[in-house]
Amino acid sequence: MTATTATVRKVAANTSVRHYLARVAFGLVLTIVGLLFALPLVWLVLAPFDATPSLSLQWPDWTLDNFARLFQNPYAMRSIGNSLLLGIGTMIIVVVLGALAAYAMSRIRIPGRDGILYGLLLLSSIVTGTAAMVPTFQIITSLGLINTYTGVLLVLAGGILPTVIFILKDFMDSIPKSYEESARLYGAGPFRILRDVVVPIARPGLAFIAIWTIVQVWGNFLVPFILLRSPDLQPAAVLMYTFYTESGQADLRLISAFALLFSAPVLIIYFVVNRRYGFRFHGGIKS
Amino acid sequence: MAGINATRLVKEYPGGVRGVDEVDVEIIDGEFFALLGPSGCGKTTLLRSIAGLEAISSGQLIIGDRDVTDAEPGARGVAMVFQDYALFPHMDVADNIAYPLRIKRVKRDERRATAERVGDGLSLQGLIERRPGQLSGGQQQRVALARAVATRPDVLLLDEPLSNLDARLRLEARTFLKELQRDLGVTTVFVTHDQAEALALADRIAVMKAGKLQQIGTPREVFQRPNNTFVAGFIGSNPMNLVPATVSAGSIAIGDGVSTALPPGTEDHVREGQAVVWGVRPEYLRWTTTEEPGAIAAEVSVVENLGASVLIAVNVDGHKLQVVVPEDHEPAPGDRGFVVPTGSKTLLFDAESTERIG
């Protein structure tokens, strides 16, 4: 009896040691990978405060000069505002249209619905991509929307919407129909149901879509680059491209400082939205 | 309060499948009415048609004195409790109960007061601020009921009200539902596939099959005098024995040399040589080892213990019959003996039309 207990303990001890070692090894690998990914971020935080930033990682020669120079640039701050305008504008279009379309797609039987969705999804990756650069430019030109935000918003929203509808439709599918039928029985109309039942339940999905859209637009270089002409309309992602020294070298002092500013709003939006709405999902109630 | 009157109601799906096929039913004001049938028989479709969640293809539906055939669900004065209760997960219990009032633009304080009053009536005290996800199945059901009755509907519809509860809770909820319905006196229609539930709860039962109404009657009527072999086989915790037979010389010939008396009142409705189905419930067959008038020779094949009684399957000339035997008197498989039907409780159906004779 005691012998067997001892054996059992020994085996248990062996397994736990092996388990422990495996965990340590796994942790080490993760740390190395994590460090690799952290390096550019460290550069992003340190370089702006360095009097002579380079592309290598170095302990900065602390200064705030870079920011002072940046604020003297007439377009820098305005471009951040432009980026916000484009981001929030696209977000509003995408969330409103996306939610309505996804709800309809989820609830109404349309022949070949999944085909339509997949087709749109596939095409959308081309629309805002390099492949459609020339046609996009020509269409927007013939519409007379070159150098306007309307044109940029249309192209950006059009590119993002299919993916959004695809994601949101899945979300809406998971909301039991009985919720809406129940509300209907008490006299609620379609928009009332959308407001009282569908949107609150799909809220984490909508919050995710909103942030994701802003991040997409924020980092989008190509669309505003080809559709906007005036420097005072250009968003931050495009403006950064113009930071050269007189000798034609990339101006790392400006670029690094601007890059830090450029990444701040996205982070702030993320934390605010996460706090206010949270990425929770109610789903159905288990019964 | 209002009665429901459906005339030749049809719900046809694209492709021509009829979920509800020419159903005529009149539900009296204040009645507790069951729609019973196997899954896919159209009982839920009929309920949803009454609610207005399914568009009626043809026929007429009257609730109270209003023709609501084409009325919006919200304008019919009906409330419904869904099978999954459909409680809104993002609202607390009070908001859930008061949601119908919110649509009717009732003020917040008044809504809260109503929610609390109705909640108290359904023993939801102290749960009013919880989210549905924090409640047990039975509590969720009571919240759903509270939400349904908060608006004082004319008609209450319940879709499989007990199916999401575990077995023990189900009996409790059954009694609770019956009391609630009696107290409110609201016309209530509920859907179930469980004949015991229908028999226990309903004032009257409509048995459905393939979209068509088979029989409407009180639990006693559908149990004792089923219209056809389908109802006979569906109602009762042990299905009725249905034995193909022939009318021969004023009695029913079950097989070679085995015959039994015609059920009372059927003599004038049968003709010699007619193919019939003889029906008798296992409860109305008695097992005996001594021969007596009317006894049918049988051999026991299977014995199933039901607790206070035993269900035995016996072989009568190639036909299998089930017999309920009181405990302590059960035979063993292979035993030979006799089954004696209670003459007044046997039924006769036409073999072709499956309808009851007499």
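By convention in this document, chain letters (A, B, ...) are assigned in the order of the sequence lines, proteins followed by strands, and residues within each chain are numbered from 1.
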Peer 1: Report the C-alpha separation of B:Met80 and A:Glu181 in whole Å, then their side-chain angles, then the decisive distance to 0.1 Å, and conclude whether the side-chain contact (heavy atoms from CB on, under 4.5 Å) test is met.
Peer 2: CA-CA 9 Å; B:Met80 182 162 165; A:Glu181 288 177 341; over 6 Å; no
Peer 1: Hey, what do you get for OH (B:Tyr99) to CG (A:Asp196), rounding to the nearest 0.5 Å?
Peer 2: 3.5 Å
Peer 1: Can you tell me how far the OH atom of A:Tyr179 sits from the CG atom of B:Leu87, to the nearest 0.5 Å?
Peer 2: 7.5 Å
Peer 1: So which residues of residues 121-129 of chain B are in contact with chain A at a heavy-atom cut-off of under 4.5 Å?
Peer 2: none
Peer 1: Counting only heavy atoms from other residues, nucleotides and ligands, does the tally under 6.0 Å from CG of A:Asp114 exceed 12?
Peer 2: yes
Peer 1: Which atoms form the tightest heavy-atom contact between A:Ala183 and B:Ile103, and what is the distance?
Peer 2: O-CD1, 4.0 Å
Peer 1: Under a 4.5 Å heavy-atom cut-off, does chain A meet the side chain of B:Arg147, its backbone, both or neither?
Peer 2: both
Peer 1: Does some side-chain heavy atom of A:Leu185 sit less than 4.5 Å from a side-chain heavy atom of B:Phe82?
Peer 2: yes
Peer 1: Hey, which of B:Arg102, B:Arg76, B:Glu72 has the most heavy atom pairs under 4.5 Å with chain A?
Peer 2: B:Arg102
Peer 1: Just by modelled atom types, is the A:Val199 backbone N or O under 3.5 Å from a matching donor or acceptor in the B:His90 side chain?
Peer 2: no
Peer 1: List the residues meeting salt bridge (Lys or Arg N to Asp or Glu O under 4.0 Å) with B:Glu172, not counting sequence neighbours, and say none if there are none.
Peer 2: none
Peer 1: Calculate, to the nearest 0.5 Å, the distance between atoms CZ and CD belonging to B:Phe88 and A:Glu180 respectively.
Peer 2: 9.0 Å
Peer 1: Name the region of B:Ala51, side chain, backbone, both or neither, that has any atom closer than 4.5 Å to a heavy atom of chain A.
Peer 2: both
Peer 1: Taking all non-hydrogen atoms of both residues into account, name the closest pair between B:Asp84 and A:Ser178 and its distance.
Peer 2: OD2-OG, 2.8 Å
